Structures are given as C-alpha cells and as structure tokens.
2 protein chains.
Amino acid sequence: MDKTLIFGHKNPDTDTICSALAYADLKKKLGVNAEPARLGAVSKETQYALDHFGVQAPALIETVGTDIKDVILVDHNEFQQSVENIKDVRIAEVIDHHRIANFETREPLFFRVEPVGCTATILNKMYKENGVAVSKEIAGLLVSAIISDSLLLKSPTCTKEDIEAAYELAEIAGVNLETYGLKMLQAGADLSDKSVTDLLTMDAKEFAMGDAKVEIAQVNAVDTKEIYKFQDDIDTEIAQLIKDKNLDLFLFVVTDILNNDSVVLALGEGKGKVEQAFNVSLDENNRALLKGVVSRKKQIVTALTDAFTQ
Amino acid sequence: MDKTLIFGHKNPDTDTICSALAYADLKKKLGVNAEPARLGAVSKETQYALDHFGVQAPALIETVGTDIKDVILVDHNEFQQSVENIKDVRIAEVIDHHRIANFETREPLFFRVEPVGCTATILNKMYKENGVAVSKEIAGLLVSAIISDSLLLKSPTCTKEDIEAAYELAEIAGVNLETYGLKMLQAGADLSDKSVTDLLTMDAKEFAMGDAKVEIAQVNAVDTKEIYKFQDDIDTEIAQLIKDKNLDLFLFVVTDILNNDSVVLALGEGKGKVEQAFNVSLDENNRALLKGVVSRKKQIVTALTDAFTQ
C-alpha cells in the first residue's frame with residue numbers, strides 16, 4: 001500500500017513534532033497508510049512531552065524517499081522551511097497556522113490554514129469533524145503543542161479556540177494544564193548544557209527591516225539572570241556575529257516563562273531602535289526589560305520594523 | 001461596521017459569480033458585513049441561472065476601495081487572476097479548488113482549498129458546518145455552479161462529493177438536475193451573437209509546452225457543425241494569431257455539451273502533435289473528433305504537453 005509521509009518544519013518545535021504524530025494517527029484511523037517523520041533533533045521540551053505520554057519520536061529524515069507516494073505538511077508551508085527535495089514530491093495536504101508564502105503546486109490539493117495559535121488546535125477539530133475519538137496519548141501531545149506555541153496560553157498569538165482546545169485536551173490527557181504545562185516549559189528552559197553559541201543560534205532568525213539587517217535570537221528561561229551571568233562571553237560572540245554578517249542590530253531575547261516578560265540584550269549600530277520601538281532605555285549592560293513581551297512574531301518584529309522604517 | 005468584499009476571478013464564470021453571492025449570504029447570516037462583487041461581465045450561462053432564481057448579479061468592481069477592511073477570494077488564489085490592487089488589501093480568507101501558486105500574505109489567514117470540482121461544493125459543506133440552512137435561491141446558485149464546472153457531472157474534474165452536493169442542492173432548489181442543467185448549459189452555448197474573434201478569444205489560454213508555444217481556445221456548443229460553418233473565417237483569423245503571437249499550435253476546441261465530445265481544429269506547425277496526443281487523424285479541414293474529451297485542464301493540456309515534451 002502506498003505510503004504517505006507527514007512532517008513539520010526544520011528545527012522542529014513541539015507543535016511540529018506532536019502535530020505530525022497526531023495527524024498520522026488520525027490518518028491511519030481513516031484508513032491511510034500514514035507515517036510521521038521529523039526534519040531535525042527533538043528539543044528537551046518536546047522530549048518531556050513524549051516521555052510523559054509514552055510516545056516515541058518520529059523517525060528522522062533528510063529527504064523524502066522514492067518509495068513515498070504523497071507527503072502531508074503540518075505546521076509550515078514555506079518551501080525553505082521544509083524537506084530539501086520538497087519540489088520533487090507530491091504534496092497531498094497542508095495543515096498549518098502560519099502566513100502563506102513560497103508555496104506552489106501543479107495540482108489542486110487539500111490546503112487548510114487557519115489563523116489560530118497552534119496547528120494542534122486545527123487537528124483537534126479535524127478529529128471531531130471525522131468522528132474519531134482522541135486517545136489519551138494523542139490528547140497529551142496536542143495539549144503539549146498548544147502549551148508550547150502559546151507559552152501556556154499567555155502569548156498574544158493564542159486565540160479563544162486554542163484556549164478551549166487546551167482545557168478540553170488536558171482533561172482527556174488526564175493532566176492539570178497549569179502544573180503539567182509549567183513543568184514542560186521548564187524542561188525546555190533547562191539551558192544548563194548549552195554553550196553561548198547554542199544560546200545565540202538555537203532559535204535565531206534574520207529579518208530585513210527597511211534597509212537594516214536585524215537578527216533576533218530567542219530562548220525561554222526560568223531565571224533570566226542565570227543566562228546573563230555569561231554576558232561578557234555573549235557580548236563577544238554577538239560582536240563577532242555582527243561583524244561577520246554585517247548586521248545593524250542583534251537582539252538577544254531571553255523570555256521569562258514564569259512572569260511572561262522578556263529581558264533583551266541589544267547590540268549594534270541600530271540598538272537605539274530598540275529603545276524607540278519599546279519606549280525603554282537600555283541599561284549600562286545594553287539590556288532592557290520588556291514587560292509582557294513574549295512573541296517575536298507578533299510583538300518584537302512588528303514594533304522593530306516600524307521603528308526602522310519610520 | 002467594517003465591510004468585507006467577496007469576489008472570484010477575472011473573466012468570471014458561473015462558479016465564480018455564484019460562489020461570491022453564496023458566501024456573502026453565509027457570512028451575513030454569521031454576522032459579518034459582507035458584500036459580493038465581480039471583476040468582469042456576466043456570461044449568458046450565469047445570467048440564465050441568476051434569472052431563474054431571481055438573484056441580482058453582484059456589483060462590478062475594478063479595484064478594491066479604501067473603505068474596505070478585508071477581502072475574501074473565492075474560486076481563485078493566483079494574484080494575476082484577481083483584482084488589480086490585490087497586493088494592497090488584507091486577504092482574510094480564500095475558498096478555492098484550484099492549484100496554489102503566486103499567492104503570499106504577511107499574516108496567517110483562513111485558507112481552504114480542496115481538490116473538488118467546484119468551489120460551490122465546498123461552500124455547501126460550510127453551510128452545514130456552520131449550522132446555517134441553504135435557502136432555495138442559494139441552493140439554485142450553488143447547483144448552477146456545479147453544473148457549469150462539471151459540464152453536468154460529465155467532466156473528469158467532477159468528484160463524488162460534487163455529485164452528491166449537486167443532487168442535494170437541486171432538490172432544495174426545486175429543479176430537476178438534468179433538465180435545468182441542460183437548459184443552463186444551452187443558454188451559455190448560444191453563440192449566435194458572437195463574432196469569429198469572440199469565439200477565438202472568449203476563453204483562450206496560452207501554454208508553454210517544452211519549447212513550443214500553444215494556444216487553446218474553447219467554446220461550448222449544442223451543435224458543433226453550426227460553428228464550423230464559418231471555418232474559412234476561423235482559419236484566416238487563426239493564421240493571423242499564429243503569425244502575430246509566433247505560436248507553434250493553435251487548437252480550437254468546440255465542446256458538444258449534449259454528447260460530451262469535442263471537435264477540435266488544429267493549425268500551425270505543431271498540428272501533428274494533436275494527432276499523436278489523441279491518436280487521431282486530422283481530416284482535410286484539419287479537424288478531428290475527440291471522443292469523451294471535455295476538459296482542457298485534465299484531458300487536453302496534459303496529453304498535448306506529453307506529446308510536445310516526449
């Protein structure tokens with residue numbers, strides 16, 4: 001029987017891994033020979049969720065094999081975020097919650113994108129639409145994905161639908177949303193084995209803002225002070241990155257998962273734009289507390305882009 | 001209250017017009033200040049459906065006004081098929097059944113594409129999902145759209161879902177699917193007021209096939225012989241088009257809506273490829289009957305592309 005491979009984006013996060021596992025489960029129950037896969041290493045946060053619910057991580061792939069008939073993309077649609085040979089495979093479906101860009105097919109397909117905070121929220125609806133019950137394990141994976149993408153329902157990307165799905169799934173999974181969620185986020189925020197290079201690269205994205213080139217790296221932490229103990233090393237490494245990549249600004253965002261604030265470190269010629277964008281003053285260490293700011297996409301990139309393009 | 005404009009593609013067909021009207025009706029019933037629009041003239045076929053169910057055509061627009069908050073695209077997603085200023089407006093939703101290409105947004109949106117034969121089939125599902133009853137008039141518009149896109153359920157693009165929706169909607173609309181459908185198609189196939197230029201341009205599309213440049217024009221007719229009465233004039237005009245556009249092949253497809261066959265006329269250096277693609281011989285008038293061929297997209301372009309690229 002022809003096999004359908006289901007996977008999320010590169011540098012997989014909890015939503016990408018859990019949505020691939022859950023949608024493969026739903027598809028199998030609907031009679032499709034589906035198999036989940038992943039395009040990168042499993043994070044500590046995701047591993048905590050998998051261990052808690054006794055589920056194995058999907059197999060790691062680098063390219064889609066020639067034995068595969070169809071692929072299904074979850075949690076992404078932009079080709080540069082997908083598997084290397086994405087242009088050579090037949091995409092049967094896309095289930096996602098991001099903007100649409102750099103996506104093209106020769107034939108019509110099943111494409112479902114909704115402006116919610118998490119792919120898992122859409123999948124929870126799809127179980128219902130297909131009249132398939134969500135098992136305890138799958139409910140655990142789906143609620144973990146929502147907790148991760150919404151920073152325990154605190155992110156401005158989180159919608160009413162995400163919140164309702166999270167409480168409903170937590171009950172099926174047999175966990176208390178707050179206590180389980182915090183433990184999972186804390187597992188992901190354990191940065192004790194990370195080098196300074198790891199911290200600055202594990203979740204870094206580059207953006208063009210007007211004529212400026214801006215890189216923003218983000219990590220979640222339980223105690224932001226722990227990270228900034230190493231500020232001298234961090235400063236040195238960022239200075240090198242600015243020089244190598246010819247950046248106007250490097251913004252290092254350490255997000256406090258307990259208080260839902262971020263302490264940012266801004267370096268580069270454009271650091272004044274951070275003060276302007278968030279109406280704060282950088283201290284003598286080039287740091288500032290951004291109250292209530294947790295989302296790079298919705299709170300940081302937008303405000304900084306405005307500051308650079310005004 | 002902010003207004004949301006709903007429209008389909010340029011050179012509107014029955015699915016595009018009826019889907020804009022139907023989705024505006026559903027949205028209004030869900031509390032959205034929605035208004036349908038169209039980007040071009042109403043065809044005779046569409047006008048027959050509108051008249052039969054006593055519904056007015058949506059207003060004609062050329063660009064989206066500055067008073068509009070959001071737009072919703074139905075029956076298309078490629079920007080070159082949409083309104084001129086599509087890049088300047090906020091797209092809130094897309095409901096479609098075509099391939100995805102040349103589409104991009106800054107933010108996540110609600111995007112639903114399914115591989116069915118007609119947008120109206122998806123809209124019929126959406127009424128159900130939202131628990132809103134389909135009125136007699138809207139059922140009439142939706143079934144008309146399915147009849148049009150599927151050539152009365154005969155096209156290879158037509159799926160089981162389209163067939164089921166068509167029978168269900170015909171009952172609500174109080175029409176017999178076959179008799180009403182044939183009358184509507186016949187109204188569209190009334191070419192008595194069309195010039196030869198009209199016939200060759202009203203539904204013509206250009207394709208790159210390997211190194212060859214191929215143009216394929218299609219018209220629906222009740223009696224294909226009526227059209228070919230004017231073959232001398234048609235030949236002269238096609239010869240001019242081939243010269244002006246430097247075409248390798250011009251294929252004129254006259255589709256018999258009663259027998260679901262097409263009589264094609266092939267002119268240009270590449271006319272032998274038509275014989276090869278469909279395993280037929282062109283007669284002394286450069287014509288051939290293609291038994292069971294009605295879909296340009298699924299039956300003609302694919303076979304000709306293979307012949308040109310082998």
Side-chain angles (χ1 to χ4, degrees), chain A residues 15 70 72-73 75-80 86-87 90-119 121-122 125-126 128-131 149 155-159 161-162 207-209 295 297-299 301-302 305-306 309, chain B residues 15 70 72-73 75-80 86-87 90-119 121-122 125-126 128-131 149-150 155-159 161-162 207-209 295 297-298 301-302 305-306 309:
Chain A
D15 188 23
D70 288 337
I72 294 176
L73 311 186
D75 198 33
H76 74 298
N77 68 82
E78 302 190 38
F79 280 3
Q80 78 277 9
I86 187 69
K87 290 194 175 168
R90 190 177 165 274
I91 305 170
E93 295 186 32
V94 175
I95 314 291
D96 191 14
H97 69 119
H98 294 92
R99 68 168 197 165
I100 297 168
N102 194 17
F103 181 89
E104 187 164 321
T105 55
R106 282 181 65 229
E107 287 173 67
L109 73 167
F110 187 93
F111 196 102
R112 180 168 182 169
V113 171
E114 299 188 20
V116 292
C118 184
T119 306
T121 300
I122 306 170
K125 261 198 283 192
M126 291 178 76
K128 288 181 197 170
E129 288 165 9
N130 286 286
D149 268 16
S155 170
T157 57
C158 186
T159 68
E161 269 193 75
D162 298 300
F207 300 88
M209 299 184 181
S295 167
K297 179 169 72 175
K298 276 231 174 178
Q299 294 173 299
V301 173
T302 44
T305 303
D306 288 348
T309 53
Chain B
D15 189 24
D70 288 336
I72 295 176
L73 310 186
D75 197 34
H76 74 300
N77 68 81
E78 302 190 40
F79 280 4
Q80 77 278 8
I86 186 70
K87 289 193 176 169
R90 189 177 165 275
I91 305 169
E93 295 184 33
V94 175
I95 314 291
D96 192 14
H97 68 119
H98 294 92
R99 69 168 197 166
I100 296 168
N102 194 16
F103 181 88
E104 186 164 322
T105 55
R106 282 182 65 229
E107 287 173 68
L109 73 166
F110 187 94
F111 195 102
R112 181 169 181 168
V113 171
E114 299 187 22
V116 291
C118 184
T119 306
T121 300
I122 306 171
K125 263 198 282 191
M126 292 179 75
K128 288 181 197 170
E129 289 165 8
N130 286 285
D149 269 15
S150 71
S155 170
T157 58
C158 186
T159 69
E161 271 192 74
D162 297 301
F207 301 88
M209 299 185 181
S295 167
K297 179 169 71 174
K298 278 230 173 179
V301 172
T302 44
T305 303
D306 288 347
T309 54

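Predicted model only: the values in this text are computed from it and were never measured. Just so it is clear: chains get the letters A, B, ... in the order the sequence lines come, proteins before strands, and each one is counted from 1.
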Sort A/Asn77 into side chain, backbone, both or neither according to what part of it lies under 4.5 angstrom from a heavy atom of chain B. neither

Mind checking side chain to side chain contact (heavy atoms under 4.5 Å, CB included) for B/Thr305 and listing every partner two or more places apart, or none if nothing turns up? B/Met209, B/Val301, B/Thr309

How long is the span from the CD atom in B/Glu107 to the NZ atom in A/Lys297, to the nearest 0.5 Å? 9.5 Å

Listed by chain and number, what are the side chain to side chain contact (heavy atoms under 4.5 Å, CB included) partners of A/Arg112, not counting sequence neighbours? A/Ile95, A/Phe110, A/Glu114, A/Ile122, A/Lys125, A/Met126, A/Glu129

Heavy-atom pairs under 4.5 Å with chain A: which of B/Val116, B/Thr105, B/Asp96 has the most? B/Thr105

